[in-house]
Amino acid sequence: MSVNNNATHIKTRFAPSPTGYLHVGGARTALFNYLFAKKFGGTFLLRIEDTDPERSKPEYSEQILISMKWLGLDWDEGPYHQSERMHIYQQYTQKLLEEGKAYRCFCTTEELEQMREQQRQQGLPTRYDGRCSRLTQEEIEERLKKGMPFAVRLKVPQDRGIIAWDDMVKGHIEINSSELDDFILVRSDGTPTYNFAVVIDDHTMGVTHVLRGEDHIPNTPKQILIYEALDWETPEFGHVPMILGKDKTKLSKRHGAVGVEAYRDEGFLPEALFNFLALLGASYDPDREVYTKQELIELFDPKKIGLHPAVFDPDKLYYINREHMKMLPPEELVERIRPFAEAKGFQIEPYHLRLIPLLVERMHTLKDFVELADYIFTDDFTVDEKAQELLTKDLPLEGLAEQLDATAWDADHIEAVLRQYAQDKGIKPREYFPFIRAVISGKSVGPSLFHLMEAMPKDMVLRRLKKS
RNA sequence: GGCCCGGUGGUCAAGCGGUUAAGACACGGCCCUUUCAAGGCUGUAACACGGGUUCGAGUCCCGUCCGGGUCACCA
């Protein structure tokens with residue numbers, strides 16, 4: 001891969017099929033392509049592979065674009081839609097047919113199934129036997145005249161031998177062309193199959209580097225054959241390992257959330273998910289795991305991607321998210337929290353900014369701010385179990401609000417007043433402080449009490465102390 | 001089953017012929033402390049197995065086992 005990166009303009013692509021939301025696995029390969037293009041000042045293009053009308057839906061396509069934008073995977077070109085490029089595929093089909101590099105296959109589904117069944121019984125691999133390639137010109141004319149539907153198959157050269165490529169992540173990979181049969185390029189309804197469309201698109205769009213999931217390895221030799229038939233230069237290929245769930249099987253819904261938007265809704269920062277996904281199955285600097293997008297662009301190298309599948313570890317994601325929340329300026333973090341507060345019917349107020357430094361340490365997601373500190377939004381806050389217990393103690397409060405009111409509103413002075421008050425009443429601070437916390441916040445846990453009080457509006461605190 | 005890709009602690013991973021086999025997450029302990037976190041210190045824990053090659057193998061070769069992927073007129 002140390003190839004002509006400087007000589008040629010790098011162009012990568014992400015080509016999802018709109019059959020669902022953006023899967024984190026897909027997001028990761030999109031991300032790798034993005035990083036690669038950005039690193040070399042190249043172009044990252046987006047192409048929607050919607051040639052399957054059965055499963056493709058416009059709303060899915062829309063959702064994928066939204067998720068990509070949210071994640072920060074902005075594309076420079078596209079989105080192109082394969083469904084709008086049918087005329088281009090036809091052009092090349094014609095060319096291959098004329099040059100004898102592809103041929104019409106009139107076999108019916110039943111006929112093919114029968115053939116496979118026979119092969120299975122004989123313990124042979126199920127491959128197309130190429131019967132239609134042996135049709136004479138007359139036989140072909142005759143079937144055409146009868147209006148028989150046909151698919152178009154690539155004629156795999158008999159003497160092709162070993163098909164090999166130097167994979168950007170896996171290294172040298174090779175496969176014997178005898179493993180391949182004359183696969184279908186164009187369906188009998190005239191639409192191109194995946195492999196055919198991909199090759200034509202990648203070439204005509206000028207894609208130079210293809211980074212995709214390793215489930216595409218078996219497709220690569222087929223595509224190479226198509227490139228050769230069309231007399232085109234092949235791009236560089238790189239196959240990245242899959243993402244697995246906790247049980248080491250391919251990550252799917254069974255393992256929990258797999259859609260990117262689910263993570264957005266759960267309160268993860270896009271920069272955190274970006275970071276996490278970039279690091280899943282890869283390592284750029286052995287001593288770090290928290291990176292900004294810019295750093296990842298600079299450090300990215302397909303060679304740094306591991307060779308084996310990686311398990312998706314939510315714990316690590318939480319950790320990365322936490323780190324990124326800490327990195328954000330409080331003013332910015334508040335803005336990210338705002339939608340989650342509003343979803344609960346709360347409004348962000350200017351003073352909430354002061355709570356950020358106190359709470360960010362115990363937040364795992366943006367959602368947590370509201371969960372952890374509902375008491376700064378409303379007097380109708382929840383009271384946790386231990387706090388309820390504390391409140392039954394019925395410790396003295398009379399006069400406290402007045403004393404606090406008379407002092408400067410900062411942590412040191414508040415602490416001094418509280419300690420003095422407890423001492424006057426003969427109560428141990430260990431017993432009194434948790435009680436006060438329960439009174440003003442309904443919680444048995446939280447930030448340093450005095451700093452919390454300092455950050456809260458004075459009138460809010462005094463009001464609660466008086467009310468109890 | 002054929003073909004392809006893999007296999008370092010529970011997880012992510014450094015390593016690229018000679019190391020006490022890093023680091024991070026998670027987990028346990030200690031410190032700090034009004035609580036919970038955070039932070040600091042610290043602990044448990046790994047080269048799938050068997051043969052080679054070599055003075056020497058996690059690192060190279062072969063086999064076994066295990067895991068994953070793929071075998072469509074889906075993408």
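This is a predicted model, so every value here is computed, not measured. A, B, ... follow the sequence lines: proteins, then strands. Residue 1 opens every chain.
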Practice task
Give the B/S/- string for nucleotides 33-43 of chain B, one per nucleotide from 5' to 3', where a protein heavy atom under 4.0 Å of the base yields B, of only the sugar-phosphate yields S, and otherwise -.
Solution key: -BBBBSS----
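Using cut-offs of 30° and 60° for the angle between ring planes, the F312(A) and Y263(A) rings count as tilted. By the 30° and 60° cut-offs, the orientation of the rings of Y318(A) relative to H364(A) is tilted.
K386(A) comes within 4.0 angstrom of no nucleic acid atom, judged by non-hydrogen atoms across all strands. Residue-level contact check: L279(A) touches the backbone only, with heavy atoms under 4.0 Å from sugar-phosphate atoms and none from bases. Counting non-hydrogen atoms under 4.0 angstrom, S188(A) reaches a base of the nucleic acid. Here C105(A) lies out of heavy-atom contact (under 4.0 Å) with every strand.
Base-pair partner of G1(B): C71(B) (Watson-Crick or G-U wobble, both distances under 3.5 Å). With a 3.5 Å ceiling on both atom-pair distances, the Watson-Crick or G-U wobble partner of G39(B) is C31(B). Here C47(B) sits opposite no nucleotide as a Watson-Crick or G-U wobble pair (both hydrogen-bonding atom distances under 3.5 Å).
Other residues, nucleotides and ligands place more than 12 heavy atoms under 6.0 Å from the CD atom of E113(A).
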Look for any protein N or O under 3.5 Å of an N or O in nucleotides 1-11 of chain B and output each such pair with its distance, or none.
from, atom 1, to, atom 2, distance (Å)
C5(B), O2', K170(A), NZ, 2.2
C5(B), O2', E214(A), OE1, 3.3
U11(B), OP1, K248(A), NZ, 3.1

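Put simply, the side chain of D287(A) and the base of A14(B) share no donor and acceptor less than 3.5 Å apart. With hydrogens and angles left out, the side chain of T109(A) and the base of C73(B) share no donor-acceptor pair within 3.5 Å.
RNA chain B is contacted by L112(A), R116(A) of residues 112-121 of chain A, taking any non-hydrogen atom closer than 4.0 Å.
Aromatic ring centroids of F32(A) and F300(A) lie under 6.0 Å apart.
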